[in-house]
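Notes for the one structure printed next.
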Amino acid sequence: MTRIGYHVSHEQHAPSALLDYVRAAEAAGFACAMSSEHFRPWSLKQGHSGHAWSWLGAALASTRLPFGIITAPGYRHHPAVLAQSAATLSEMFPERLWLALGSGQRLNEDVTGLPWPDKAERTARLAECAAVIRGLFAGETVTHRGRVTVVDAKLYSRPERPPLLIAGAVTPETARQVATWADGLVTVGIDPAKLRKVFDAFREGGGAGKPIFLQTKVCWDPDPARALALAHDQWASNMLEGDVNWDLRLPEDFDTASRFVRAEDVPGYVRISEDLGRHTAWLAELAELGPAEIIVHQVAGDQIAFIEAFGRKVLSNFPH
């Protein structure tokens with residue numbers, strides 16, 4: 001049974017506002033939540049980027065929702081410190097956190113001054129970091145010298161059950177690779193046909209029976225023209241394809257690269273409608289793929305109005 005969750009977009013909203021939104025989401029009937037984790041926003045128009053790990057402590061204490069977070073180990077975050085962060089939250093709030101690891105974006109990880117490697121090298125570094133984190137979760141003393149260095153690391157405060165160690169992937173190729181070490185998959189998209197290929201690759205690569213978490217983009221507003229305009233303003237920088245998503249350095253670079261994205265391009269990346277029945281049908285179509293959670297990201301517009309509207313008309317069609 002697929003649960004419907006609320007996406008917490010740190011790049012677009014102040015941390016204090018996001019705390020209000022996630023409380024409202026719980027009250028409206030959202031069953032779970034997922035937090036982004038950026039150092040910089042995608043666009044200067046978005047304008048925020050709070051520290052997600054600090055925020056998660058407050059959010060877990062303020063609600064009863066389970067949360068997921070996706071982050072990149074091995075650059076800004078040393079894998080031992082990342083493991084300690086997740087273990088501490090999971091000890092305080094048992095079985096309410098899943099930790100997803102991705103290979104990263106230069107937009108976030110470039111701040112340390114490390115050379116930014118190609119995709120194959122990033123994938124290899126991710127696998128090393130995942131092994132370090134899993135060992136620490138298991139109570140091992142970990143020493144590792146490779147793409148990252150860890151010396152005599154051990155977690156002294158651990159939860160009874162470690163958080164799921166999820167892998168992030170957006171292509172079938174990556175999904176198949178990470179299935180060998182991940183407890184589950186998190187991916188993003190709106191097109192069931194494209195997503196099915198990612199889901200199938202993960203399951204065929206070793207992920208059969210493991211949970212899949214899906215983040216999907218929507219923009220709801222009573223005025224469909226306003227919804228489209230808002231989505232274009234806030235999300236054009238996130239509709240770039242290819243390696244530029246991973247290799248651009250600054251929000252200004254994303255703004256420059258996306259200046260030719262047209263409003264009519266947006267529905268290829270974001271489900272836009274004033275009709276909550278259509279949103280229900282779109283989510284039901286995605287639920288047929290079998291994800292454990294669908295995390296809904298309202299990419300622009302009034303978050304509280306969206307939360308309340310979905311609570312009234314959409315969420316009753318899905319498990320709480």
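Scope of the values below: all heavy atoms of this structure, side chains included, with no hydrogens, waters or symmetry mates. Since the structure is predicted, the reported quantities are computational estimates derived from the model, not experimental observations.
- By the 4.0 Å N-to-carboxylate-O rule, Arg76 lies close enough to Glu37 to be salt-bridged with it.
- For the atom pair Trp53 CH2 and Thr71 OG1, the distance stands at 6.5 Å (nearest 0.5 Å).
- In this structure the side chain of Arg271 never reaches within 4.5 angstrom of the side chain of Arg278, judged on heavy atoms.
- Under the 30°/60° scheme for interplanar angles, the aromatic rings of Trp42 and Phe254 are found to stand perpendicular.
- In this model, no donor atom of one side chain and acceptor atom of the other lie less than 3.5 Å apart for Asn238 and Glu11.
- A perpendicular orientation is assigned to the rings of Trp55 and His10, their planes being inclined by more than 60° (bins at 30° and 60°).
- For residues 227-244, every residue pair satisfying the salt bridge (charged side-chain N to carboxylate O under 4.0 Å, His left out) rule, not counting sequence neighbours, is listed here: Lys45-Asp233.
- The existence of a salt bridge linking Asp20 and Arg23 is confirmed by a sub-4.0 Å separation between a basic side-chain nitrogen and an acidic carboxylate oxygen.
- Panel note: side chain Thr149, backbone Arg145; no donor-acceptor pair is recorded below 3.5 Å.
- Ser237 and Asp255 form no side-chain donor-acceptor contact under 3.5 Å, judged by distance and modelled atom types alone.
- A 4.5 Å side-chain heavy-atom check between Leu248 and Leu107 finds every atom pair outside the cut-off.
- A donor-acceptor contact closer than 3.5 angstrom is absent between the side chains of Thr280 and Lys313.
- Residues Asp110 and Arg106 are paired through a salt bridge, judged by an N-O separation under 4.0 Å between the basic side chain and the carboxylate.
- Asp183 has a carboxylate O that lies under 4.0 Å from a charged side-chain N of Arg134, or vice versa, which qualifies the two as a salt bridge.
- Aromatic pair Trp98/Phe213: centroids less than 6.0 angstrom apart.
- At a threshold of 4.5 Å between non-hydrogen side-chain atoms, the residues Arg122 and Trp246 count as touching.
- Looking at Thr143 and Asp152, their side chains do bring a donor and an acceptor atom within 3.5 Å of each other.
- Side-chain contact between Phe310 and His279 is present, with at least one heavy-atom pair separated by less than 4.5 Å.
- Among residues two or more places apart in sequence or in another chain, the side-chain contact (heavy atoms from CB on, under 4.5 Å) test is passed with Pro163 by Ala86, Ser90, Phe137, Pro159.
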